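Once you've had a glance at the structure underneath, I'll fire off some questions.
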Amino acid sequence: GAEAENADSLATAPQDQRYLSQPLVTDIYTADPSAHVFNGKIYIYPSHDIDANVPEKDDGAHFAMRDYHVFSMDNPDGEIVDHGVALDIEDIPWAGRQLWAPDAAFKDGTYYLYFPVKDKEDVFRIGVATSASPTGPFKPEPQPIAKSYSIDPAVYTDADGAAYMYFGGIWGGQLQRWSSGAYKAEDVYPADDKPALMPKVAKLSDDMLRFSEEVRDVQILDKEGKPLLAGDNERRFFEAPWVHKYNGKYYFSYSTGDTHNIAYAIGDSPYGPFTYEGVLLKPVQGWTNHHSIIEQDGKWYLFYHDTQLSGKTHLRNIKVTELKYNPDGTIQTVTAYNE
Ligand code: FUB
């Protein structure tokens, strides 16, 4: 209808059958949904998209977000509750601009919110904030996590209690500026026939506030055991890492960015290496594709976003659909559109 066509106003959820799923939230724009089950309930930690009137730029400057809201639901068909502002950029002493895709974790009675934001020198760092409640408000630590850089933190806690942070994003996410180990304000990409820039992983300290070891590369390999190449845009890592475990295997999934897939690779250790397996979510409306995967009551769910409500790449809306596996452990590819 007319409302849905007006890109500047939020429509009430249009039950549009061309879409596999409808937006979960319709009164604000939300993206990059990191979902978790805490105490049997689903909590979602998305980006909160706004129209900040920043002109569209190649490096993503128009994704100029300034706070986070946390959402909860008893199950994916249940009512979604907006718990309001959980963290505001004004309360992060070192933050400059662009509060991007967050994640959350729980340990020993405390909830941790991990978030990427550019510092005052315009360098992306990853921060952490804590709360006694899964919905916040979260209190940020005074400094970014030491030796953190780039974007899109995803924290996976293994069955033995060890927690790992995966992170990184090329292009607007600045990973290509760290090839030397230190930040250089210059984009350096490997040649197309060389190994691609790989996402990063580091084990977290017992207090969940620091890296307890040096940052390592996450190797994503082809079926021959060779690293995916920089020119392999259909398959190589771009941004949005996520890790989950299924039947004893570790699944590393991520966005291929300029080719817009959510791809996945499978390994035997949280550090990898991971062998490329396929695409779990085909491109969605809008440039970005960013997801998370959870299990609740024996069913698996894929949280993702598209731009159904706005038609604009930087004003997204989160969605959820069931995720299904084949008997051999591969994932059935999700197509978000019925047309
Ligand atoms: O939402 C801002 C950025 O866009 C995220 O950090 C990326 O993963 C992409 O979705």
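In each ligand, atom 1 is the first atom listed, and ligand 1 is the first ligand listed. Heads up: numbering here begins at 1 and tracks the sequence. Keep in mind that this is a model prediction, so the values were computed, not measured.
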Discussion item. So if I count the atoms of ligand 1 from 1 in the order they appear, which ones are less than 4.0 Å from some heavy atom of Met65?
Written reply: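 Listed by number with element, the hits are 1 (O), 2 (C).
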
Worksheet item: Between His36 and Phe38, how do the two ring planes meet: parallel, tilted or perpendicular, split at 30° and 60°?
Response: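 Rings of His36 and Phe38: parallel, as their planes differ by under 30°.
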
Practice prompt. Mark the output for His314 as yes if a heavy-atom distance to ligand 1 is under 4.0 Å, and as no if none is.
Written response: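 So His314 does not count as touching ligand 1.
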
Worksheet item: Under 4.0 Å from any heavy atom of Arg316, which atoms of ligand 1 are there?
Response: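 Close to Arg316: 1 (O), 2 (C), 4 (O), 9 (C), 10 (O).
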
Worksheet item: Of the options Asp306, Val25, Leu24, which is the one that meets Asn317 in a side chain to side chain contact (heavy atoms under 4.5 Å, CB included)?
Response: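 Only one option passes, and that is Asp306.
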
Item to complete: Just let me know how Gln98 lines up against ligand 1, side chain, backbone, both or neither, with a heavy-atom cut-off below 4.0 Å.
Response: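 None of Gln98 does.
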
Do any side-chain atoms of residues 53-65 form donor-acceptor pairs under 3.5 angstrom with protein atoms, and if so which ones, sequence neighbours left out?
| residue | atom | partner | partner atom | Å |
| --- | --- | --- | --- | --- |
| Asp58 | OD2 | Trp171 | NE1 | 3.4 |
| Asp59 | OD1 | Ala61 | N | 3.0 |
| His62 | ND1 | Lys57 | N | 3.3 |

Practice prompt. Give the residue and atom name of whichever protein heavy atom lies nearest to atom 10 (O) of ligand 1, and the separation in Å to one decimal.
Written response: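 Heavy-atom neighbour on the protein nearest atom 10 (O) of ligand 1: Asp32 OD1, 2.7 Å.
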
Worksheet item: What about Trp287 and Trp100, same hydrophobic cluster or not, with Ile/Leu/Val/Met/Phe/Trp/Tyr joined at side-chain heavy-atom distances under 4.5 Å?
Response: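 No, Trp287 and Trp100 fall in different hydrophobic clusters.
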
Item to complete: Mark up the atoms of ligand 1 that fall under 4.0 Å of a heavy atom belonging to His290, in ascending order.
Response: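 In order of number, 7 (C), 8 (O), 10 (O).
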
Discussion item. Is it the case that the ring center of Phe252 lies less than 6.0 angstrom away from the ring center of Tyr250?
Written reply: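 For Tyr250 and Phe252, the ring centres are not under 6.0 Å apart.
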
Fill in: For atom 6 (O) of ligand 1, closest protein heavy-atom neighbour
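Among all protein heavy atoms, the one nearest atom 6 (O) of ligand 1 is Asp152 OD1, 2.5 Å.
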
Item to complete: Could you check atom 9 (C) of ligand 1 against the protein and tell me its nearest heavy-atom contact, residue, atom and distance included?
Response: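 The closest one turns out to be Glu239 OE2, 3.4 Å.
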
Worksheet item: Looking at Tyr337, does the NZ or CZ of Arg18 lie under 6.0 angstrom from its six-membered ring centre and within 45 degrees of the ring axis?
Response: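 Arg18 over Tyr337 ring: no.
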
